[in-house]
Amino acid sequence: DRRQRQMCIRDRCAIGAGCALIAGIGPGIGEGNAVASALEAIGRQPECKGDVTSTMLLGCAVAETTGIYGFVTGLLLIFVAPGMFMNFLG
């Protein structure tokens, strides 16, 4: 029974980690769209290059934090959480 509960905990942690790592897809798509829009804006008004570039870089940095949080959560679920939950089993 204990072995079954351990396997259940590991399975659920693996599923949660997979879901957390999917969070990396969103920032990639968002950053791609942001860069495409910035390049389009610079193409229309080259004199605004500095303003558009700095705003785009700030937005990409903020968007990237979402992917990093998802990655860290996935790593914690894979390597740390199973051990913590096993301690509760006794």
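As the structure is a computational prediction, the values presented were derived from the model and not from experiment. Atom set for the values below is all heavy atoms of this structure, side chains included, hydrogens, waters and symmetry mates excluded.
Panel note: side chain Thr55, backbone Val52; no donor-acceptor pair is recorded below 3.5 Å. Put simply, the side chain of Ser37 never gets that close to the backbone of Ala34: no donor and acceptor are under 3.5 Å apart.
Annotation: salt bridge (Lys or Arg N to Asp or Glu O under 4.0 Å) contacts involving residues 61-83, sequence neighbours excluded, are absent.
Put simply, CE on Met56 and CD on Glu31 are 9.5 Å apart, with the number rounded to the nearest 0.5 Å. The distance from the CD atom of Gln6 to the CG atom of Asp1 is 10.5 Å, given to the nearest 0.5 Å.
Through direct or relayed side-chain contacts under 4.5 Å between Ile, Leu, Val, Met, Phe, Trp and Tyr, Ile25 connects to Ile22, Ile29.
The side-chain contact (heavy atoms from CB on, under 4.5 Å) test with Tyr69 is passed by exactly one of Thr65, Thr66, Val72: Thr65.
A search for side chain to side chain contact (heavy atoms under 4.5 Å, CB included) contacts involving Gln45 returns Glu47, Cys48, not counting sequence neighbours.
The same ILVMFWY cluster, assembled from side-chain heavy atoms under 4.5 Å apart, contains both Val35 and Leu57. Under the 4.5 Å side-chain heavy-atom criterion for ILVMFWY residues, a single connected hydrophobic cluster contains both Ile78 and Phe71.
No more than 12 heavy-atom neighbours from other residues, nucleotides or ligands sit within 6.0 angstrom of CZ on Arg12.
When all heavy atoms of Arg10 and Pro82 are compared, the closest pair comes out as CG-CB, 4.5 Å.
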Handout entry: Chi angles and distances behind the side-chain contact (heavy atoms from CB on, under 4.5 Å) call for Leu75, Leu21
Key = CA-CA 9 Å; Leu75 288 178; Leu21 292 177; 6.0 Å; no
Handout entry: side-chain contact (heavy atoms from CB on, under 4.5 Å) between Ile9 and Cys13, intermediate numbers included
Key = CA-CA 6 Å; Ile9 288 171; Cys13 285; 4.3 Å; yes
